[in-house]
Amino acid sequence: MSDEENKFPGENNTGHFWDDDLRELDNEPPAWWTIGFHASWIFVIIYTLLYPSWPMIDTHFKGLLGWTSIDEYHKDMKSIESVRAPYENKLKDLSAAEILADDDLSRYVTASGKVLFGDNCAACHGAGGQGNVGFPVLADDDWLYGGTITDIEASITAGRQGIMPGNAAMLDDAKIDSLAASILDGKVIENPAYTEAGCIGCHGADGKGLSFMGSANLTDGIFRFAASDQLSSIKHTIKFGVNDASNPKSRNAVMPSFGGTKLSDTDIKKLAVYVHKLGGGQ
Ligand code: HEC
Ligand code: HEC
């Protein structure tokens with residue numbers, strides 16, 4: 001385009017016009033932009049030289065620093081393990097009770113016990129040991145099998161399976177109703193049927209249960225087989241029992257065993273301490 005046709009002669013425009021006076025100028029880009037542009041390609045070259053980068057046919061350029069993410073991960077793991085090692089070594093030789101008595105160790109164990117609990121126990125007992133219908137609360141001080149650290153460790157290692165035979169054949173509905181009502185009132189030991197029907201043999205003269213067989217305390221108002229309508233639930237338990245193999249309507253209450261190949265001794269100790277510290281340990 002000649003200067004005659006250029007409506008803005010002497011200006012460094014490119015000769016492209018729109019709408020009469022809108023035009024493209026040929027200025028240098030601003031300095032900040034040019035510096036940024038050169039800095040970024042220099043950065044890319046240096047970065048790709050130092051770190052693993054360019055793909056090649058069956059490998060890739062490894063980078064002058066020899067850095068890999070897996071090495072970094074291994075290094076981090078080693079440093080974590082070196083922090084853990086002194087603890088883990090001690091745990092092997094100590095009993096759960098000794099670990100519990102040591103503030104530093106039991107704090108360490110509670111942290112790792114939480115993860116183990118989430119992986120192995122929370123599905124039944126709830127994330128914080130708060131229990132579920134049919135699965136006992138582990139965070140209170142009401143225990144079927146006892147709440148000492150040794151009791152808890154035994155529950156986890158060998159599992160538990162309390163057995164109560166159903167009474168449907170032995171007791172008529174009126175007796176079952178009256179037993180259930182007095183259990184709900186916390187006064188079952190005053191009910192003559194308690195002794196006559198042999199409940200006393202397992203639940204004890206005081207009605208508080210015997211921890212060696214896991215028979216429930218019938219006087220504390222804590223029931224674990226229903227979320228509501230405890231009266232009907234208690235009647236059901238009395239009629240059909242707990243883990244009574246001959247009775248399809250029986251309550252199912254099986255705590256699996258975690259000893260042997262399932263969890264290591266150290267993991268079981270960690271869990272015992274963790275459960276003890278949930279709040280109800282004795
Ligand atoms: C499949 C479900 C299930 C899983 C998983 C389970 N439990 Fe249990 N647990 C039970 C049941 C059911 C009982 C009650 C057994 C009974 O009534 O005889 C129980 C009882 C217990 C008791 C005794 C409670 C008391 O009152 O004396 C402890 C302690 C316990 N579980 C801890 C654990 C720990 C720790 C884990 C994880 C390692 C775990 N449980 C995993 C179902 C489970
Ligand atoms: C052979 C021992 C045995 C006898 C006999 C027995 N029980 Fe039980 N009972 C148990 C066991 C074990 C449990 C289960 C505890 C658990 O797993 O929560 C249980 C649970 C219960 C529960 C449920 C408690 C809850 O937490 O919901 C009730 C109610 C109950 N028994 C009432 C009775 C009554 C009433 C009698 C007498 C007619 C009786 N039991 C006879 C062993 C026995």
Side-chain angles (χ1 to χ4, degrees), residues 113-126 129 131-168 170-171 175-184 188-189 191 193-204 207 209-226 230-244 250-259 262-263 267-276 278 280-282:
K114 188 172 181 181
V115 177
L116 284 168
F117 193 86
D119 290 348
N120 296 287
C121 325
C124 290
H125 292 287
N132 274 316
V133 172
F135 302 104
V137 179
L138 301 179
D140 63 5
D141 54 8
D142 178 69
W143 296 96
L144 293 163
Y145 296 91
T148 67
I149 185 80
T150 328
D151 296 331
I152 296 172
E153 198 180 6
S155 292
I156 304 170
T157 308
R160 298 290 194 186
Q161 189 166 349
I163 291 178
M164 164 168 159
N167 293 283
M170 299 194 340
L171 297 174
K175 279 241 169 73
I176 291 178
D177 288 353
S178 115
L179 275 168
S182 54
I183 288 171
L184 204 54
V188 72
I189 55 174
N191 190 325
Y194 181 69
T195 312
E196 285 161 25
C199 318
I200 194 170
C202 288
H203 290 280
L210 302 173
S211 62
F212 72 87
M213 62 164 86
S215 50
N217 183 340
L218 299 181
T219 66
D220 60 3
I222 297 176
F223 304 101
R224 67 181 199 77
F225 290 111
Q230 296 302 345
L231 188 65
S232 316
S233 167
I234 294 169
K235 285 184 202 166
H236 184 106
T237 308
I238 300 175
K239 256 190 182 163
F240 304 111
V242 179
N243 291 324
D244 178 349
S250 163
R251 299 290 189 194
N252 208 343
V254 180
M255 160 72 191
S257 97
F258 287 87
K262 258 179 136 180
L263 288 178
D267 282 351
I268 289 180
K269 287 185 230 171
K270 286 180 181 172
L271 280 164
V273 171
Y274 177 78
V275 170
H276 191 275
L278 283 176
Q282 289 152 10

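Each ligand, and each atom within it, is numbered from 1 in the order the structure gives.
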Inset, instruction - Kindly identify the option in Asn191, Asn167, Val254, Leu218 whose heavy atom sits closest to atom 28 (C) of ligand 2. - result: Leu218
Legend entry - Nearest-neighbour protein heavy atom for atom 27 (O) of ligand 1, which is reported as residue plus atom name and distance: Tyr145 N, 2.8 Å
Inset, instruction - Run the numbers for me: atoms of ligand 2, each under 4.0 Å from some heavy atom of Gly198, listed by number. - result: 5 (C)
Legend entry - Protein heavy-atom partner closest to atom 26 (O) of ligand 1 - residue, atom, separation in Å: Leu144 N, 2.7 Å
Legend entry - Atom indices of ligand 2 within 4.0 angstrom of Pro165 heavy atoms, with elements: 1 (C)
Inset, instruction - May I ask you to test the Cys124-Asn132 pair for a side-chain heavy-atom distance under 4.5 Å? - result: no
Legend entry - Atoms in ligand 1 flagged as close to Leu271, the criterion being non-hydrogen separation under 4.0 Å: 38 (C)
Legend entry - N or O pair under 3.5 Å between Gly162 and ligand 1: yes
Inset, instruction - Please could you name the atoms of ligand 2 that Ile163 approaches to less than 4.0 Å, counting only its heavy atoms? - result: 1 (C), 2 (C), 12 (C), 42 (C)
Legend entry - Heteroatom proximity flag, His203 to ligand 2, N/O under 3.5 Å: yes
Legend entry - Distance (rounded to the nearest 0.5 Å) between Leu184 CG and Phe223 CZ: 5.5 Å
Legend entry - Exceeds 12 heavy-atom contacts within 6.0 angstrom, atom NZ of Lys175: no
Legend entry - Identity and distance of the protein heavy atom lying nearest atom 5 (C) of ligand 2: Cys202 SG, 3.5 Å
Legend entry - Minimum heavy-atom distance Gly147-Ile152, with the two atoms named: O-CD1, 3.6 Å
Legend entry - Those atoms of ligand 1 less than 4.0 Å from some heavy atom in Gln161: 18 (O)
Inset, instruction - Please assess Cys202 against Met213 for the test side chain to side chain contact (heavy atoms under 4.5 Å, CB included), listing each intermediate value before the final yes or no. - result: CA-CA 8 Å; Cys202 288; Met213 62 164 86; 3.6 Å; yes
Legend entry - Atom pair CG/CG of Leu218 and Asn191 - distance to nearest 0.5 Å: 11.5 Å
Legend entry - ligand 2 N/O within reach of Arg224 N/O, cut-off under 3.5 Å: yes
Inset, instruction - Tell me which protein heavy atom sits closest to atom 41 (C) of ligand 1, plus the residue, atom name and distance to 0.1 Å. - result: Phe258 CE1, 3.5 Å
Legend entry - Row check, Phe117 ring normal vs Lys114 NZ/CZ: under 6.0 Å, within 45°: no
Inset, instruction - For Met213, counting its heavy atoms only, list the atoms of ligand 2 lying under 4.0 Å from any of them. - result: 12 (C)
Inset, instruction - List the closest protein heavy-atom neighbour of atom 29 (C) of ligand 2: residue, atom name, distance to the nearest 0.1 Å. - result: Ile234 CG2, 3.6 Å
Legend entry - Atom pair OG/CD1 of Ser155 and Ile268 - distance to nearest 0.5 Å: 11.0 Å
Inset, instruction - Determine the minimum heavy-atom distance between Ile156 and Met255, stating which atoms define it. - result: CA-CE, 4.0 Å
Legend entry - Ala180 near ligand 2 by a heavy-atom separation under 4.0 Å: no
Inset, instruction - List the atom of Pro256, the atom of Lys262, and the distance in Å for their closest heavy-atom pair. - result: CB-NZ, 4.0 Å
Inset, instruction - List the steps and the verdict of side-chain hydrogen bond (donor to acceptor under 3.5 Å, both in side chains) for Arg224 and Ser233. - result: CA-CA 9 Å; Arg224 67 181 199 77; Ser233 167; over 6 Å; no
Inset, instruction - Carefully, step by step, assess Tyr194 and His203 under the rule side chain to side chain contact (heavy atoms under 4.5 Å, CB included). - result: CA-CA 9 Å; Tyr194 181 69; His203 290 280; 3.1 Å; yes
Legend entry - Shortest reach to atom 23 (C) of ligand 2 by a heavy atom, considering only Val242, Ile222, Ile238, Thr237: Thr237
Inset, instruction - Looking only at protein heavy atoms, identify the closest one to atom 15 (C) of ligand 2 and say how far it is in Å. - result: Gly214 O, 3.3 Å
Inset, instruction - Measuring from atom 8 (Fe) of ligand 1, count protein N/O/S atoms under 2.8 Å, please. - result: 2
Inset, instruction - Return yes when Gly201 approaches ligand 2 closer than 4.0 angstrom through a heavy atom, no otherwise. - result: no
Inset, instruction - Please determine which of Thr148, Leu138, Asp151, Asn217 meets the side-chain contact (heavy atoms from CB on, under 4.5 Å) test together with Trp143. - result: Leu138
Inset, instruction - Mind checking the CD1-CG spacing from Ile163 to Asp244? Nearest 0.5 Å is all I need. - result: 8.0 Å
Inset, instruction - Identify, for atom 34 (C) of ligand 2, the protein heavy atom at the shortest distance, and state residue, atom and that distance. - result: Cys199 SG, 3.5 Å
Legend entry - Residues Ile238, Ile183; criterion side chain to side chain contact (heavy atoms under 4.5 Å, CB included); working and verdict: CA-CA 11 Å; Ile238 300 175; Ile183 288 171; 4.0 Å; yes
Legend entry - atom 24 (C) of ligand 2: nearest protein contact (heavy atom, Å): Ala216 CB, 3.7 Å
Legend entry - Residue, atom name and distance, where the atom is the protein heavy atom closest to atom 11 (C) of ligand 2: Ser215 CA, 3.6 Å
Inset, instruction - Identify, for atom 33 (C) of ligand 2, the protein heavy atom at the shortest distance, and state residue, atom and that distance. - result: Met164 CE, 3.3 Å
Inset, instruction - Please round to the nearest 0.5 Å and tell me the distance separating atom CG of Leu144 and atom CG of Leu210. - result: 11.5 Å
Inset, instruction - Give, for atom CG of Leu179 and atom CD of Glu196, the distance between the pair rounded to the nearest 0.5 Å. - result: 9.0 Å
